[in-house]
Asker: 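Got a structure for you, written out below as structure tokens; questions coming shortly.
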Number of protein chains: 2
Amino acid sequence: MPKVTEEYRVSKRAEITSAAMRAFRRKGFHATSMADIITESGLSAGAIYGHFGGKNDIVLEVASRVIDARIGKVEELSSARPLPAPAELLRLLASGLAHDLGRPAMLVQLWGEAVTEPALRALWGLLVGRLRAAYCSYLSLWHQSEHGATVADADRLAAEQVVLFLSCAQGYILQSALVTEFDGEAFLRSMELHLPR
Amino acid sequence: MPKVTEEYRVSKRAEITSAAMRAFRRKGFHATSMADIITESGLSAGAIYGHFGGKNDIVLEVASRVIDARIGKVEELSSARPLPAPAELLRLLASGLAHDLGRPAMLVQLWGEAVTEPALRALWGLLVGRLRAAYCSYLSLWHQSEHGATVADADRLAAEQVVLFLSCAQGYILQSALVTEFDGEAFLRSMELHLPR
DNA sequence: GTCTATACCAGGATAGAC
DNA sequence: GTCTATCCTGGTATAGAC
């Protein structure tokens, strides 16, 4: 295969994915039809089906992008000095998410979809596993640097606490998607006060 | 209107709602079609549309039932003595939910749906508001009885913390619906260790 | 690779008899 | 109130020309 063709293919997929994200962001996930994606991309049905197997395929790509960005952020912040505090990390994740998606309604719809779509569910499991691992090593570093814990103690604490932090991130996403008068700042302040430090 | 007719109407609605819940529990929410509900109920399309405006209507009823049961549980446990600890309350809610729904996949799909269905979203907002209020007064009682806090202090603490507890409940639901090898016990133990007490 | 046009299907809802 | 049969819409995916 000639290299130009491969590059072209990749960039075309990215272009379509971006268009889909814009559409999803505007109308939500279920309400967006292939016709919407076609319009938004400026391409045609045929062109899109030449690059993706179908709507499901596109969704997988979009999900990867969004969650990958979060994993990248946690990893990046893990090597920042001074290390941000746990609640501060949540705040930074939230603002990155808001920047990418506006209201993260799309993610909530993605969860709903993953319940019945095996491929999406598998992908989600994989990505959240990686996110958890990244969060876990961040937490371990935090306990070492902030409280001078031994590596073993820090790892154990991190493993226990990571599920709590993930839940808070998920709760934040859910509530900001569904509660009309959601007060993100109040939520994050509450995390600062009452999450383990 | 004659009383028998009204009673009949109510019991018929309940019968249909139960059938719908069984179907949802088995196949998930989106994958369940009206045809499935019709089969499961042993009734006909006409009969069902005589009692509900459509699928959406049925969903609203189901959602009410499920969340109402949770609210009732929190209120009931608030007057139990000795008052269960916060993490214990979560454990009891989780087991009640498992009893009603098995894997609470249906709830996650409901969230996804609520993003785009205004009626469902409004209902969800209302119900979660009530759940939050119930949880809040429970937490206040807890701080008073366990730590001898003044009413004012207990109320303030409760208001700050309630969002954290709700997030944990939501995280539990999400993860138990989507993570194949989800370990509910480990999750709850982690809550016991690291949530405020 | 991409376009237009269209086949095809699932599923929610209704009509009309009883 | 309930049944059967059927309509109709919205939406995915494909066929075939360029």
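Quick caveat: nothing in here was measured; it's all calculated off a predicted structure.
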Asker: Rounding to an integer number of Å, can you tell me how far A:Tyr8 OH sits from C:dG1 C1'?
Answerer: 7 Å
Asker: Rounded at 0.5 Å granularity, tell me how far OG1 in A:Thr116 sits from CZ in B:Phe29.
Answerer: 11.0 Å
Asker: CG of A:Leu93 to CZ of A:Phe165: how many Å apart, nearest 0.5 Å?
Answerer: 11.5 Å
Asker: Please give, in whole Å, the distance from C:dT6 P to A:Met34 CE?
Answerer: 20 Å
Asker: Rounding to an integer number of Å, can you tell me how far A:Asp36 CG sits from D:dA13 C1'?
Answerer: 16 Å
Asker: Which of these, B:Val151, B:Leu157, B:Asp155, sits in a side chain to side chain contact (heavy atoms under 4.5 Å, CB included) with B:His143?
Answerer: B:Leu157
Asker: Does anything in residues 10-21 of chain B reach DNA chain D, meaning a heavy atom under 4.0 Å, and if so which residues?
Answerer: B:Lys12
Asker: Within the structure provided, determine whether A:Gln170 and A:Trp111 are in side-chain contact (heavy-atom separation under 4.5 Å).
Answerer: yes
Asker: Using salt bridge (Lys or Arg N to Asp or Glu O under 4.0 Å), reason through B:Glu113 and B:Arg121 one step at a time and then give a plain yes or no.
Answerer: CA-CA 8 Å; B:Glu113 201 66 5; B:Arg121 180 170 170 165; over 6 Å; no
Asker: Grab the NZ-P distance between A:Lys55 and D:dG10 for me, whole Å please.
Answerer: 15 Å
Asker: Provide, to the nearest angstrom, the distance between the CD1 atom belonging to A:Ile37 and the P atom belonging to D:dA13.
Answerer: 10 Å
Asker: Can you find a side chain N or O atom of A:Tyr49 that sits less than 4.0 Å from OP1 or OP2 on D:dG11?
Answerer: no
Asker: Among side-chain atoms of B:Ser140 and B:Gln144, is any donor-acceptor pair under 3.5 angstrom?
Answerer: yes
Asker: Using whole Å, report how far CZ of A:Phe52 lies from P of C:dT2.
Answerer: 12 Å
Asker: Which whole-number value in Å describes the distance from B:Ile38 CD1 to C:dT14 C1'?
Answerer: 12 Å
Asker: OP1 or OP2 of D:dT2 sitting under 4.0 Å from any side-chain N/O of B:His51?
Answerer: yes
Asker: Under 3.5 Å, is there a donor on one side chain and an acceptor on the other for B:Asp36 and B:Ser33?
Answerer: yes
Asker: With side chains defined as the heavy atoms from C-beta onward, is the minimum distance between B:Leu43 and B:Lys12 less than 4.5 Å?
Answerer: yes
Asker: Starting at the 5' end of nucleotides 3-9 of chain D, put B wherever the base has a protein heavy atom under 4.0 Å, S where only the sugar-phosphate does, and a dash everywhere else.
Answerer: BBB----
Asker: Taking the side chain as C-beta and beyond, is there a heavy-atom pair between B:Gln175 and A:Ser167 under 4.5 Å?
Answerer: yes
